[in-house]
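This report refers to the structure that appears directly beneath it.
All figures in this text were calculated on a predicted structure; none of them were measured in a lab.
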Amino acid sequence: MNHNNKDGMHPEDMRNLIIFGVLSLVIWFLYETYILGPQAKALKAAKEARAELIIEDPKLLEPVQLVSREDALAQTPRISFDNGEVFGTISLQGGKIDDLSLSTYYKTLEKKDHVTLFTPYKTEAARHMDYGWVTGDKTVSLPDASTFWSVQGNNRVLTSGAPITLVWDNGQGLRFERVIALDNEYLFTITQKVYNQSGRDVTLYPYALISQTDIPKDYFRTWISHEGPMGFVGGALEKMYYAAMVSEPDKKIEAQRGWIGISDKYWLTALIPAQNKISKYRFKYTPDPVTKTRNRYQTDFTGAPQILSSDGTIENSYHMYAGVKKVLTLKDYQLKLGVDNLDLAVDFGWFWFLTYPFFLALHYLGLLVGNMGVAIILLTIIVRSAVFPLTNVSYRSFAKMKVVAPQISELREKHGDDKEKLQAEIVALYQKEGVNPMSGCLPMLAQIPIFFAFYKVLFSTIEIRHAPFFGWIQDLSARDPTTVFNLFGLFPWGVPEFLMIGAWPCLMLVATIMQKQLNPPPQDKMQRDMMMFFPFFITFIMAKFASGLVIYWTFSALLGIIQQSIIMRSVGVPVYFFNKDKFEKKLEAQVEEGPDVHPLIDMAEQEAEKALFGDEDEAESEAVPDIKPPKPKKKTQKKKKK
């Protein structure tokens with residue numbers, strides 16, 4: 001076939017054009033089906049939901065007048081609670097818990113404002129817990145948000161070991177009672193009772209909910225750790241993302257076991273109904289019909305129907321956890337309450353089998369030494385020691401590549417610009433000397449999950465938050481507050497946020513450059529340039545991360561330098577940190593002037609072909625059967641008859 005037709009399109013160009021067209025159609029179809037389609041569906045659902053809300057209650061069109069938290073708390077009569085870990089108030093109008101703060105956790109290092117989990121309606125980012133009964137009989141008067149409850153007895157302060165009782169009579173023969181108890185940490189136990197003197201049977205359903213208005217201000221908006229509505233229901237972990245709830249505004253699950261709530265990065269508010277009894281769990285999104293900014297995100301459960309006979313009593317109990325996402329505390333409550341996987345509120349991710357042991361090690365090391373920064377360093381030493389068999393393979397491979405550097409230099413002199421010949425000779429040299437670059441790369445790739453798991457621990461666990469190290473590092477969960485661009489505070493001028501590269505990231509930069517110097521020189525200019533700028537690039541990226549992670553990376557690099565230096569000396573390779581030997585200098589000059597070769601890719605292709613199709617020589621030898629010619633038959637002479 002003639003491929004030199006100047007007036008027509010080259011067959012390969014035609015093939016590429018067809019492939020491009022098909023791929024474009026596939027991409028367009030996928031984008032339309034999985035992105036544009038769901039977005040349009042979610043937008044339509046949100047508009048319909050807003051319209052239904054306005055029809056049901058036209059008052060929703062009236063704009064909400066936001067007030068300060070203090071003014072909102074002063075608008076209703078309240079009773080207080082305090083157990084040393086949480087404190088707040090319960091509104092006697094509606095009986096809801098809408099004011100709760102943590103006693104020992106603060107928003108900033110200055111320790112002025114406590115972390116707040118619940119705040120009343122008509123304030124910014126409001127969140128509260130409500131509970132009660134519902135019924136299908138509209139003639140029965142039930143307590144609601146406007147109901148004023150009375151305190152029974154003399155106790156008007158809820159503390160650990162001293163519960164309070166709220167009562168209300170509906171005037172129809174039903175008397176409602178709420179007993180609220182608080183333990184010495186973060187658990188509320190609520191027992192509801194109803195006494196029937198109405199002369200007829202009534203069917204009631206217990207319920208409880210946690211409602212949040214708008215997205216929290218401290219929402220991190222990251223995929224690393226889940227924040228938002230979640231629960232463990234019916235043996236499955238359910239995570240609902242704020243944005244995704246628009247397209248799935250009313251998700252219901254029936255199960256006998258589970259819990260449901262709203263999770264922040266470090267805090268959890270969760271409802272735990274009676275286990276082994278059927279309940280309907282729900283994740284509900286209600287759009288704001290007016291401003292479209294005060295959308296409501298709600299998690300709730302509704303229990304099985306209870307028939308309240310005349311002159312009878314019914315009772316229902318459940319728990320609410322409102323506090324810190326401490327893994328071991330959640331596990332203790334998990335065992336105490338008989339609920340499944342409450343500790344999964346802490347998002348350990350896909351590599352939980354690595355993340356959880358890292359957390360336990362870091363936690364107990366922190367208790368042992370009294371400083372989480374020192375605990376990070378000790379855990380780094382433990383991790384580096386555990387993966388030493390992998391790093392040993394990598395470092396020995398790198399050392400062998402340095403050993404053959406003079407021979408590679410000779411090959412470059414010999415073959416000059418003959419790229420194919422040069423690459424073939426380098427591959428042959430590597431095979432002859434037993435150098436396998438892949439054996440150096442694969443163990444390094446295997447350590448990526450370890451690094452990510454370590455990062456998950458530092459990012460997600462409360463033990464690192466506001467934990468000091470030494471000197472200027474007072475919060476290991478925050479970035480290094482210094483910057484090299486004002487000489488770490490020596491000059492009193494402000495620096496843009498993106499230029500905040502602190503002292504620890506600079507130490508990490510030095511360690512990374514030193515480690516790079518121990519690696520073999522690359523055989524192409526692009527790879528050389530990438531390796532040259534990589535330490536600066538990773539430093540710029542890591543400067544924005546938690547200082548605890550930067551400390552881990554720095555000490556990990558320093559330990560790697562020590563290990564690699566010892567291995568290199570053991571095979572007779574000189575170690576240079578800030579200089580290079582004459583062979584490396586000569587080889588770098590040859591790489592700059594000569595062709596780019598990629599022996600690693602060539603060897604990887606050979607290994608892949610060998611794995612898929614086997615060794616060619618062996619295949620040929622197996623293909624030729626060992627066939628021997630048949631032996632000639634012996635001639636037999638017939639005996640003559642005498």
Side-chain angles (χ1 to χ4, degrees), residues 45 97 117-118 127-134 186-192 205-212 215-216 223 225-265 267-286 295-306 316-327 329-350 352 356 460:
I97 303 175
L117 301 187
F118 287 157
R127 184 189 293 181
H128 71 273
M129 183 265 192
D130 199 1
Y131 50 98
W133 303 88
V134 293
Y186 308 110
L187 191 72
F188 290 79
T189 300
I190 299 170
T191 302
Q192 296 189 112
Y205 300 77
Y207 80 91
L209 63 86
I210 295 176
S211 178
Q212 174 181 293
I215 297 175
W223 57 270
S225 179
H226 178 74
E227 297 175 67
M230 69 177 302
F232 191 88
V233 182
L237 182 64
E238 302 288 343
K239 295 181 180 179
M240 301 296 290
Y241 296 90
Y242 289 117
M245 290 186 73
V246 177
S247 58
E248 193 174 8
D250 194 13
K251 182 175 182 178
K252 299 174 183 177
I253 307 171
E254 285 194 4
Q256 291 187 336
R257 301 181 60 82
W259 58 268
I260 193 169
I262 298 178
S263 175
D264 301 305
K265 181 179 179 181
W267 330 113
L268 175 68
T269 52
L271 301 170
I272 308 169
Q275 303 296 290
N276 299 318
K277 293 183 179 180
I278 194 70
S279 294
K280 182 184 291 183
Y281 299 81
R282 182 174 66 162
F283 299 93
K284 185 172 180 58
Y285 165 78
T286 305
N295 303 314
R296 190 167 77 242
Y297 304 89
Q298 179 174 306
T299 59
D300 59 56
F301 74 85
T302 304
Q306 295 183 235
N316 181 264
S317 295
Y318 43 87
H319 306 280
M320 179 188 70
Y321 182 93
V324 185
K325 293 200 303 189
K326 291 182 177 178
V327 176
T329 299
L330 293 171
K331 271 193 168 295
D332 288 342
Y333 279 123
Q334 187 174 298
L335 296 174
K336 178 181 177 182
L337 303 176
V339 63
D340 298 329
N341 296 317
L342 187 60
D343 61 329
L344 290 185
V346 181
D347 188 358
F348 280 143
W350 293 346
W352 58 268
Y356 190 70
S460 303

Point to revise | Non-hydrogen side-chain atoms of Val327 and Phe348 separated by less than 4.5 Å | key: yes
Exercise for review: Could you check if a side-chain atom of Thr269 sits within less than 4.5 angstrom of a side-chain atom of Gln212, using non-hydrogen atoms only?
Suggested key: no
Review point. Of all heavy-atom pairs between Phe118 and Ile97, which one has the smallest distance, and what is that distance?
Key: CD1-O, 3.6 Å
Check your understanding: Could you give the distance from CD (Gln334) to CD1 (Ile272), rounded to the nearest 0.5 Å?
Key -> 9.5 Å
Practice item. Would you list the pairs meeting salt bridge (charged side-chain N to carboxylate O under 4.0 Å, His left out) in which at least one residue belongs to residues 330-339, sequence neighbours left out? Key: Lys331-Asp343
Practice item. Please lay out, stage by stage, how Leu342 and Phe232 fare under the test side chain to side chain contact (heavy atoms under 4.5 Å, CB included). Key: CA-CA 7 Å; Leu342 187 60; Phe232 191 88; over 6 Å; no
Revision key, fill the gap. With Tyr207 as partner, the option from Asp130, Asn316, Leu271 fulfilling side chain to side chain contact (heavy atoms under 4.5 Å, CB included) is Asp130
Review point. Do Leu330 and Tyr321 have side-chain heavy atoms sitting under 4.5 Å apart?
Key: yes
Point to revise | Distance (rounded to the nearest 0.5 Å) between Lys252 NZ and Thr302 OG1 | key: 8.5 Å
Review point. Hey, are the side chains of Gln192 and Tyr318 touching, using non-hydrogen atoms and a 4.5 Å cut-off?
Key: yes
Revision key, fill the gap. Of all heavy-atom pairs linking Ser279 and Phe301, the shortest is OG-CD1, 4.4 Å
Check your understanding: What is the distance from atom CE of Met240 to atom OH of Tyr297, rounded to the nearest 0.5 Å?
Key -> 11.0 Å
Review point. Is a side-chain N or O of Trp259 found less than 3.5 angstrom from the main chain of Asp340, in a donor-acceptor match?
Key: yes
Exercise for review: Identify the heavy atoms of Tyr281 and Ala255 that sit nearest to each other, and give their distance.
Suggested key: CE1-O, 3.8 Å
Check your understanding: How far does CH2 of Trp267 sit from CG of Leu117, to the nearest 0.5 angstrom?
Key -> 7.5 Å
Review point. Does Tyr186 offer a backbone N or O that forms a donor-acceptor pair with the side chain of Tyr333 under 3.5 Å?
Key: yes
Review point. What are the two closest non-hydrogen atoms of Leu337 and Gln275, and how far apart are they?
Key: O-CG, 4.3 Å
Point to revise | Residue pairs involving residues 226-236 (criterion salt bridge (charged side-chain N to carboxylate O under 4.0 Å, His left out); sequence neighbours excluded) | key: none
Point to revise | Exam field: side chain Arg257 to backbone Gly338, donor-acceptor pair closer than 3.5 Å | key: yes
Point to revise | Close side-chain approach of Lys239 and Asp347, heavy atoms under 4.5 Å | key: yes
Review point. Where do Gly258 and Pro273 come nearest, in terms of heavy atoms and distance?
Key: O-CD, 3.7 Å
Review point. Is any NZ, NE, NH1 or NH2 atom of the basic residue among Asp264 and Lys325 found under 4.0 Å from an Asp or Glu carboxylate oxygen of the other?
Key: no
**Study point:** Note, Asp250 side chain near Arg282 side chain (heavy atom, < 4.5 Å)
**Key:** yes
Point to revise | Check against side chain to side chain contact (heavy atoms under 4.5 Å, CB included), Tyr241 and His226 | key: CA-CA 8 Å; Tyr241 296 90; His226 178 74; 3.3 Å; yes
Practice item. May I have the step-by-step check of side-chain hydrogen bond (donor to acceptor under 3.5 Å, both in side chains) for His319 and Thr189, ending in yes or no? Key: CA-CA 5 Å; His319 306 280; Thr189 300; 2.9 Å; yes
Exercise for review: Quick one: closest heavy-atom pair of Pro206 and Ala304, and the distance?
Suggested key: CD-O, 3.5 Å
Review point. Would you find more than 12 non-hydrogen atoms of other residues, nucleotides or ligands less than 6.0 Å from Lys280 atom NZ?
Key: no
Check your understanding: Around atom OH of Tyr242, are there more than 12 heavy atoms of other residues, nucleotides or ligands at under 6.0 Å?
Key -> yes
Check your understanding: Roughly how far apart are Met245 CE and Gln298 CD, rounded to 0.5 Å?
Key -> 9.0 Å
Review point. Does the side chain of Ser211 reach to within under 4.5 Å of the side chain of Arg296, using non-hydrogen atoms?
Key: yes
**Study point:** Gap separating the CD1 atom of Ile210 from the OG1 atom of Thr299, nearest 0.5 angstrom
**Key:** 4.5 Å
Practice item. Check step by step if side chain to side chain contact (heavy atoms under 4.5 Å, CB included) holds for Phe283 and Glu238. Key: CA-CA 10 Å; Phe283 299 93; Glu238 302 288 343; 3.9 Å; yes
Practice item. For residues Met230 and Ile262, determine if any side-chain heavy atom of one lies less than 4.5 Å from a side-chain heavy atom of the other. Key: no
